[in-house]
Amino acid sequence: FLIKRERDEEVLKFLPLIYNIPKRKNVDLKDKQAVSDYYKIFIAKRRIELIAAEAEAAKVTFKDAVFGQDYYRATWMSACLNIGNQFSAIGPVCIYSSTILDEVMKETDGEFPITIREGVLIIGSVTMVSALLGVFPAKFMGRKLILTSSHMALAITHAIIAILYAIKSFVAMYIFMQIFIFWFYIGTGNVSFIYAGEACVDQAMGVVLGVRWMTEMIMSFTISFMIASNMGVVYTFVVYAILNVIAFAFMCTLKETRGKTP
């Protein structure tokens, strides 16, 4: 895993190339040997970085990770990122989708074309497919771009759902619930985990994910009271739209982590 000292200068010459594709640095993609040499240097340098980063991270205590001068900002920014992730309201919408569909059934006197069981199965299927598709944006797009665009799309979608429910366009509303799930899983639902893993040392991940799941529990617990109150379905989704605007504003303050060294 280590490059001998006498090769260090050779490695340094390639540093400007390390995090760019060969084409951008005038490496002839048709020259297999040149491309091979490029990636050999890339892999060797990456291994050295990872070994050094892992060795440094292993020295960090839990106290340092959560409150230490060098780590607390990354830890708490990632924790807030995961709170914003749950502001999406993915938990409440999926967990209480049957309740929402039951409200729709009451509003339509049972004439909604999809049964509650079918509606929940469709939501589960859309969730699975969207989660699988989430790998593609994360592979080709920056973390910050995905997070900001995802939450803005979620805010708009929640607002549309509220409007459609208010005007009793229930089929369209249900379709936009699927669009909401799609936007979540190809965006913040996938990348929030990746971002925290790139920004935090392992010792802080328990706190970061603990904050995430605590927020989801609160969000999922409160939706039943919100729907049953004077807010109803319409203003419940208005609140969710506002929460996603807040999350969008926060995501704009994050630093990009894609392509960075450890």
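Basis for what follows: all heavy atoms, side chains included, without hydrogens, waters or symmetry-related copies. Sequence positions, counted from 1, serve as the residue numbers for this chain. Treat the numbers as computed from the prediction; the structure is a model and nothing was measured.
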Show me, pair by pair, the donor-acceptor contacts under 3.5 angstrom made by side chains of residues 218-226, not counting sequence neighbours?
unit_1 : atom_1 : unit_2 : atom_2 : d
Ser220 : OG     : Glu216 : O      : 2.9
Thr222 : OG1    : Ile218 : O      : 3.0
Thr222 : OG1    : Met219 : O      : 3.1
Ser224 : OG     : Phe221 : O      : 3.4

Study note, to complete from the structure: One should read off an interatomic distance between Cys94 SG and Met177 CE, to the nearest 0.5 angstrom, of 8.0 Å
Check your understanding: Just wondering, do Ile100 and Ile227 contact through their side chains at under 4.5 Å, heavy atoms?
Key -> yes
Check your understanding: Any side-chain heavy atom of Phe237 within less than 4.5 Å of one from Val93?
Key -> yes
Exercise for review: Can you measure from CD1 (Ile156) to NE2 (His158) and round to the nearest 0.5 angstrom?
Suggested key: 11.5 Å
Review point. Would you find more than 12 non-hydrogen atoms of other residues, nucleotides or ligands less than 6.0 Å from Tyr235 atom OH?
Key: no
Practice item. Determine the interplanar angle of the Phe184 and Phe180 rings, folded into 0 to 90°, and report it as parallel if under 30°, tilted if 30 to 60°, perpendicular if over 60°. Key: tilted
Review point. Roughly how far, to the nearest 0.5 Å, is CD1 of Ile146 from OH of Tyr195?
Key: 12.5 Å
Review point. So with a 6.0 Å cut-off around CE of Met231, is the heavy-atom count from everything else above 12?
Key: yes
Exercise for review: With the side chain counted from C-beta on, respond yes when Met77 and Leu254 share a heavy-atom pair under 4.5 Å apart, and no when they do not.
Suggested key: yes
Check your understanding: Does one side chain, of Gln86 or Thr215, offer a donor that lies under 3.5 Å from an acceptor on the other?
Key -> no
When the side chains of residues 125-142 are checked against the rest of the protein, which donor-acceptor pairs come out under 3.5 Å, sequence neighbours left out?
unit_1 : atom_1 : unit_2 : atom_2 : d
Ser125 : OG     : Leu121 : O      : 3.0
Thr127 : OG1    : Ile123 : O      : 2.8
Ser130 : OG     : Val126 : O      : 2.8

